[in-house]
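A short worksheet on the structure shown next.
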Amino acid sequence: MIEATLYTDAACPWAYSANPALRVLEWRYREQLSWRLVMIGLREEVSETYARAFDPARSALGLHTFRERYGMPFGLVPRERPAATGRGCRAVVAARLLAPGSEWRVVRALQLAQFTADLLLDDDERIRDALVAVPEIDADAIVARLDDPEVAKAYERDRAEARSAAGTAAEAQGKTSTSDGPVRFTAPSVVFEHDGRRLVAGGWQPLLAYDVLLANLDPTLERTPAPTSPEPLLDFFAHGLTTAEVAMLLADGPDPIPDLKGTERHLLDLAAGGGLARIPLGQDAIWQRVPVVATVS
């Protein structure tokens with residue numbers, strides 16, 4: 001078993017754009033990886049200087065590059081103001097305390113809302129709105145605990161751990177930050193640990209970087225191959241996948257190159273046949289399997 005720790009934040013476009021590679025690790029290595037989520041907490045408050053310099057249109061336009069380069073859904077929705085991220089990170093921590101394991105669905109929902117809608121991660125009501133439709137998540141209970149002392153303590157432990165990147169490979173690669181003092185991991189850093197060895201993939205990395213670290217940690221890991229069609233993926237990831245995630249998961253070979261356009265055509269064909277649901281999101285969609293309803297004879 002390899003322990004994989006993901007350091008992330010709901011507001012980082014690099015972390016959001018890395019989702020396809022992370023989905024491949026989940027599919028490929030299954031229960032051989034034990035995942036742990038640590039919230040970085042990029043900004044506890046917005047400085048006056050940053051607030052004065054904030055340009056809503058330019059901020060939205062800056063995400064266009066991420067959309068074109070990585071293919072994840074972006075809505076390019078101009079926000080009326082910049083926002084701190086601490087309360088959004090607390091929501092993830094609160095979910096972890098309320099129902100361990102649910103924090104992964106919460107951080108994904110917040111990231112999707114951050115980059116396709118008008119979510120402000122320091123606005124409790126908008127956090128609630130982003131979570132209310134997430135299956136098996138109690139949005140009201142999460143928001144009610146944002147100021148709970150237990151949540152605050154757990155969140156501060158996350159922040160402290162995320163700010164322990166000094167001297168790591170992430171710092172050597174220039175993939176750390178000192179934006180608030182200590183050397184911290186940038187999102188989405190992943191740390192793999194096995195039999196006393198620790199390997200660090202700092203910040204955004206391509207899929208092959210993660211893969212080579214895991215192969216060196218444990219060459220005996222079993223690898224689930226890429227399927228030949230999207231259906232098994234959407235059975236495995238029951239809460240749905242974006243087109244870019246499906247494309248990366250279907251890519252095969254020693255240097256897998258996702259075919260975004262071809263994957264979208266394939267998904268549209270399946271949706272036209274009634275096997276998939278397409279849920280519009282930004283310029284793209286979330287794809288889900290249509291449940292089979294049993295008939296009574």
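All values derive from a computational prediction rather than experimental measurement.
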Quiz item: Which distance, rounded to the nearest 0.5 Å, do you find between the CG of L22 and the CZ of R108?
Solution: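 Interatomic distance, L22 CG to R108 CZ, rounded to 0.5 Å: 10.5 Å.
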Quiz prompt | Spacing of SG belonging to C89 relative to CG belonging to L146, to within rounding of 0.5 Å | solution =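 Spacing of SG (C89) from CG (L146) equals 11.0 Å.
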Self-check item: Backbone of M72 reached by a side-chain donor or acceptor of Q283 within 3.5 Å
Solution: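 Side chain of Q283 to backbone of M72: a pair is present.
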Exercise. Would you check if the side chain of S177 reaches a backbone N or O of T186 as a donor-acceptor pair within less than 3.5 Å?
Key: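 Side chain of S177 to backbone of T186, a donor-acceptor pair under 3.5 Å: no, none is there.
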Self-check item: Heavy atoms from other residues, nucleotides or ligands near CD of E45 exceed 12 (cutoff 6.0 Å)
Solution: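 It does not: E45 CD has 12 such atoms or fewer within range.
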Quiz item: Taking only residues at least two apart or on different chains, which pairs with a member in residues 221-258 satisfy ring pair (Phe, Tyr, Trp, His ring centres under 6.0 Å)?
Solution: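 Qualifying pairs, neighbours excluded: W27-F236.
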Quiz item: Which pairs with one or both residues in residues 113-165 pass ring pair (Phe, Tyr, Trp, His ring centres under 6.0 Å), sequence neighbours excluded?
Solution: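 Non-adjacent pairs meeting ring pair (Phe, Tyr, Trp, His ring centres under 6.0 Å): Y16-F115, F74-F115.
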Practice problem: Would you mind listing every salt bridge (charged side-chain N to carboxylate O under 4.0 Å, His left out) that reaches into residues 275-289, with sequence neighbours excluded? | Solution: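 Listed by first then second residue: D235-R289.
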Quiz item: Which pairs with one or both residues in residues 129-140 pass side-chain hydrogen bond (donor to acceptor under 3.5 Å, both in side chains), sequence neighbours excluded?
Solution: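 Pairs touching residues 129-140 that pass the test: R128-D140.
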Quiz item: Can you tell which of D123, D122, D124 makes a salt bridge (Lys or Arg N to Asp or Glu O under 4.0 Å) with R87?
Solution: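 The residue from D123, D122, D124 that satisfies salt bridge (Lys or Arg N to Asp or Glu O under 4.0 Å) with R87 turns out to be D124.
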Exercise. Evaluate the side-chain proximity of W287 to L281: yes if any heavy-atom separation is below 4.5 Å, no if none is.
Key: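 No, every pair of side-chain atoms sits at 4.5 Å or beyond.
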Self-check item: R126/E80 ion pair, N-O < 4.0 Å
Solution: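 Answer for the salt bridge query: yes.
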Quiz prompt | Test side chain to side chain donor-acceptor pair (under 3.5 Å) applied to T5 and R36, step by step | solution = CA-CA 5 Å; T5 301; R36 191 168 67 94; 3.2 Å; yes
Self-check item: Name of the residue among W14, W204, Y7 meeting ring-ring contact (aromatic ring centres under 6.0 Å, His included) with F185
Solution: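 Exactly one candidate clears the test, Y7.
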Exercise. Please report the shortest heavy-atom distance between I142 and A91, naming the atom on each side.
Key: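 Taking every non-hydrogen atom into account, CG2-O, 3.5 Å.
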Enumerate donor-acceptor pairs with a distance under 3.5 Å from any side-chain N or O in residues 250-271 to protein atoms, sequence neighbours excluded.
residue : atom : partner : partner atom : Å
D259    : OD1  : G262    : N            : 2.9
T263    : OG1  : D259    : O            : 2.7

Show me the donor-acceptor pairs, under 3.5 Å and distance only, between side chains in residues 220-227 and residues at least two apart or in other chains.
residue : atom : partner : partner atom : Å
T220    : OG1  : D218    : OD1          : 2.5
T220    : OG1  : D218    : OD2          : 3.4
R223    : NH1  : Y29     : OH           : 2.8
R223    : NH1  : D211    : OD1          : 2.9
R223    : NH1  : D211    : OD2          : 3.0
R223    : NH2  : D211    : OD2          : 3.3

